[in-house]
Q: 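Structure incoming, see below.
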Amino acid sequence: MATYCKEPSRTFSEYLLIPGYTSKECIPANVSLRTPLVKYRKGEEECPIMLNIPLSSAIMQSVSNDTLAIALAKEGGISFIYGSQSIEDEAAMVARVKSYKAGFVVSDSNLKADSTLKDVLELIEKTGHSTMAVTEDGKPNGKLIGVVTGRDYRVSRMSEGTKVADFMTPLDKLIVAGESTTLKEANDIIWDHKLNSLPIVDKNGNLLYFVFRKDYAQHKENPQELLDANKSYIVGAGINTLDYEKRVPALVEAGADVLCIDSSEGYTCWQEQTLKFIREKYGDSVKVGAGNVVDREGFMFLAKAGADFVKVGIGGGSICITRETKGIGRGQATALIEVAAARDEYFKETGIYVPVCSDGGIVHDYHMTLALAMGADFLMLGRYFARFDESPTPLTMVNGVYVKEYWGEGSNRARNWQRYDLGGKAKLSFEEGVDSYVTYAGPLGDNVAKSLYKVKSTMCNCGVINIPDLQQNAKLTVVSATSIVEGGYHDVMLKSTATPGR
């Protein structure tokens with residue numbers, strides 16, 4: 001006879017937090033959202049990678065590219081670059097994130113002397129960057145012969161056919177620095193000479209990097225940014241259970257700080273084999289998460305197999321139709337509560353703390369706080385990040401509303417069949433995700449700050465100022481359908497919908 005769970009599986013919207021005592025110390029400014037990303041021996045050693053905010057972006061084509069990874073790292077979180085692309089392309093994205101910070105930026109806007117003003121304008125539209133290197137071969141590391149910025153041309157006074165050589169700032173009028181220049185020295189040169197950018201060249205005059213004044217300012221504006229020991233942004237990358245023997249070495253070589261097996265269901269022999277390969281080849285030096293699971297058995301399986309963190313959630317994503325098509329999954333809140341308890345059980349048995357990531361089911365900002373209170377160490381979000389400027393998809397207008405495209409990895413558009421592999425052929429037999437739009441929300445930084453201020457404020461209402469205390473002291477209650485209705489505005493007429501003059 002099948003095993004039946006006695007309790008229904010519940011979602012975040014079926015719970016509320018009960019306030020605790022709020023002391024004078026419980027103000028948002030005092031709240032720390034630092035949280036572990038990977039496993040460690042709690043009480044005996046420090047976690048190798050700590051997040052400054054408990055947010056990660058989903059391993060999805062429409063969410064996590066290098067642009068979003070940089071933006072999220074600036075805020076203190078981490079992106080996992082999507083793995084449903086070629087090994088070379090994914091490794092290149094990782095490398096771009098790692099090279100972006102440390103202040104030394106590889107130029108992505110490059111011209112040749114015989115390029116035209118039209119080429120300049122097209123390049124600006126493509127990259128959004130107004131500082132362009134002019135090299136002999138038009139490549140990022142070619143011999144530097146000049147630089148073009150917005151101060152070098154006037155569209156209204158020049159023909160689009162004007163050659164770059166006629167209006168660029170030539171090398172002999174540029175201030176450049178050698179390859180041994182440190183970031184501090186480069187910033188000193190920028191400030192002393194009132195520059196917006198400083199080219200770094202090798203002994204042969206080949207361009208290596210730019211150092212920008214704005215990066216110095218951004219660092220001051222982003223004290224939470226997530227950096228490694230070399231002051232580069234921390235970034236993750238997705239892998240699958242098929243080509244891991246080739247993909248993992250390439251991503252490690254590119255500088256990925258942590259990997260994650262991207263799969264709709266993680267309680268499998270294939271994830272065990274993938275983890276075994278990584279441990280035998282790299283030991284514990286390569287950090288890798290696994291999942292997804294929805295119960296104690298799934299967590300224990302992956303923890304014992306060597307996972308550095310475990311992702312929780314099947315079918316809870318806004319574009320996921322796994323539950324509809326396969327009848328498999330579990331309410332996100334119930335799954336998270338059980339897996340978090342298994343994590344604590346595993347810690348008591350082994351002394352090793354394996355962080356839990358709640359993946360999916362976050363619809364409202366308050367769901368973030370609920371997920372953390374239920375035991376999640378950090379959250380993985382797709383729809384939330386797909387709405388922002390920095391996500392990979394274009395901004396478009398549909399029915400008078402600005403939107404961005406958002407599609408599931410199990411949709412025909414993504415065709416990420418590796419994510420759903422069960423040892424079969426290289427194809428997607430049926431869809432487990434949809435192709436959709438999400439309402440555009442603006443820049444990532446502003447939205448994350450607003451969402452996390454709500455989280456901090458709620459934590460203060462609960463009488464805590466850090467995530468461990470929230471998990472230990474939170475009180476939660478199940479709410480009825482009527483209570484959910486009561487929680488929104490009711491029995492009033494909103495002013496925005498009222499008839500004028502009445």
Side-chain angles (χ1 to χ4, degrees), residues 61-71 81-82 85-86 88-97 99-100 104-171 173-174 176 195-201 205-215 218 386-398 402-405 413 437 440 442-444:
Q61 294 173 8
S62 56
V63 179
S64 294
N65 67 342
D66 50 322
T67 306
L68 190 124
I70 291 167
I81 302 295
Y82 69 92
Q85 58 180 321
S86 72
E88 294 75 18
D89 288 347
E90 186 180 10
M93 280 193 182
V94 169
R96 285 198 291 273
V97 178
S99 64
Y100 183 89
F104 296 97
V105 182
V106 176
S107 177
D108 68 350
S109 300
N110 307 288
L111 302 159
K112 294 192 291 186
D114 61 356
S115 299
T116 64
L117 177 58
K118 181 180 180 182
D119 296 323
V120 170
L121 299 178
E122 289 177 349
L123 195 56
I124 291 175
E125 185 175 354
K126 177 182 177 182
T127 67
H129 299 154
S130 59
T131 298
M132 290 151 279
V134 185
T135 59
E136 287 187 349
D137 58 4
K139 295 182 179 179
N141 299 122
K143 191 174 183 64
L144 184 67
I145 58 176
V147 168
V148 172
T149 70
R151 294 177 296 181
D152 293 315
Y153 60 88
R154 288 292 179 271
V155 176
S156 61
R157 299 185 180 185
M158 296 167 59
S159 162
E160 287 193 348
T162 306
K163 299 292 184 182
V164 164
D166 296 334
F167 61 85
M168 70 179 185
T169 302
L171 180 62
K173 293 186 178 180
L174 290 174
V176 300
L195 306 174
N196 287 322
S197 64
L198 175 69
I200 307 295
V201 299
N206 296 313
L207 178 64
L208 297 176
Y209 311 102
F210 275 107
V211 176
F212 293 97
R213 175 190 287 261
K214 65 180 178 65
D215 282 346
Q218 285 175 350
R387 305 172 301 147
F388 302 147
D389 287 324
E390 296 85 354
S391 73
T393 61
L395 181 66
T396 187
M397 183 174 283
V398 176
Y402 281 110
V403 297
K404 300 201 76 176
E405 295 175 300
R413 180 172 184 174
Y437 295 111
Y440 169 66
L444 180 147

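Small disclaimer: the values here were computed from a predicted structure and weren't measured. Side chains included, hydrogens not; waters and symmetry mates left out as well; all remaining heavy atoms used.
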Q: Would you say Thr116's side chain and Gly161's backbone share a donor-acceptor pair under 3.5 angstrom?
A: no
Q: Measuring from Tyr153:OH to Asp166:CG, what's the distance to the nearest 0.5 Å?
A: 15.5 Å
Q: Hey, what do you get for CD (Glu390) to OG1 (Thr67), rounding to the nearest 0.5 Å?
A: 8.5 Å
Q: Do the non-hydrogen side-chain atoms of Val148 and Phe167 ever get within less than 4.5 Å of each other?
A: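 Answer yes - side chains close enough.
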Q: Do Asn196 and Thr131 come close enough that some side-chain heavy atom pair is under 4.5 Å?
A: no
Q: If you compare all heavy atoms of Ser62 against all heavy atoms of Thr393, which two are closest, and at what distance to 0.1 Å?
A: CB-CG2, 3.8 Å
Q: Which distance, rounded to the nearest 0.5 Å, do you find between the CD of Glu405 and the OH of Tyr437?
A: 5.5 Å
Q: Nearest 0.5 Å, please: how far is OG1 in Thr162 from CG in Leu117?
A: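 Those atoms lie 6.0 Å apart.
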Q: Is there a donor-acceptor pair under 3.5 Å between the side chain of Lys163 and the backbone N or O of Ala113?
A: no
Q: Donor-acceptor pair, Asp89 side chain versus Ala92 backbone, under 3.5 Å?
A: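 A pair under 3.5 Å: no.
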Q: Report the C-alpha distance between Val403 and Thr396 in whole Å, list the side-chain angles of each, state the deciding distance to 0.1 Å, and finish with yes or no for side chain to side chain contact (heavy atoms under 4.5 Å, CB included).
A: CA-CA 6 Å; Val403 297; Thr396 187; 3.6 Å; yes
Q: Consider only side-chain N and O atoms of Thr169 and Asp152, and report whether a donor and an acceptor are under 3.5 Å apart.
A: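 Yes, side-chain donor-acceptor contact under 3.5 Å.
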Q: Do you know the tightest heavy-atom contact between Ala133 and Leu207?
A: CB-CD2, 3.5 Å
Q: Measure the spacing between CZ of Phe212 and NE2 of His129 and express it to the nearest 0.5 Å.
A: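 Between atom CZ of Phe212 and atom NE2 of His129 there are 7.5 Å.
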Q: Please give me the minimum heavy-atom distance between Val106 and Pro140, naming the atom from each residue.
A: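 Minimum heavy-atom contact is CG1-CB, 4.1 Å.
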Q: For Asp389 and Tyr440, run side chain to side chain contact (heavy atoms under 4.5 Å, CB included): C-alpha distance rounded to whole Å, both residues' side-chain angles, the deciding distance at 0.1 Å, then the answer.
A: CA-CA 8 Å; Asp389 287 324; Tyr440 169 66; 2.5 Å; yes
Q: Of all the heavy-atom pairs spanning Gly142 and Asp137, show the shortest one and how long it is.
A: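 The answer is CA-OD1, 3.4 Å.
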Q: Looking at CG of Leu144 and CD of Glu136, how far apart are the two atoms once the value is rounded to the nearest 0.5 Å?
A: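 So the CG of Leu144 and the CD of Glu136 are separated by 9.5 Å.
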Q: Regarding Ser109 and Thr127, is there a side-chain donor-to-acceptor distance under 3.5 Å anywhere?
A: yes
Q: Could you pull out the closest heavy-atom pair between Val147 and Pro199, with the gap in Å?
A: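 That would be CG2-CG, 4.4 Å.
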Q: For the pair Asn141 and Asn206, evaluate side chain to side chain contact (heavy atoms under 4.5 Å, CB included) and give the outcome as yes or no after the intermediate values.
A: CA-CA 6 Å; Asn141 299 122; Asn206 296 313; 5.5 Å; no
Q: So, do Leu111 and Leu123 sit near enough that their side-chain heavy atoms are less than 4.5 Å apart?
A: yes
Q: Side-chain contact test, heavy atoms from C-beta onward, threshold under 4.5 Å: evaluate it for Val94 versus Val97 and give yes or no.
A: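 With C-beta onward as the side chain, the pair stays apart.
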Q: Identify the two heavy atoms, one from Phe388 and one from Lys404, that lie closest to each other, and give their separation to 0.1 Å.
A: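 It is O-NZ, 2.9 Å.
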Q: Please lay out, stage by stage, how Val120 and Ile124 fare under the test side chain to side chain contact (heavy atoms under 4.5 Å, CB included).
A: CA-CA 6 Å; Val120 170; Ile124 291 175; 4.1 Å; yes
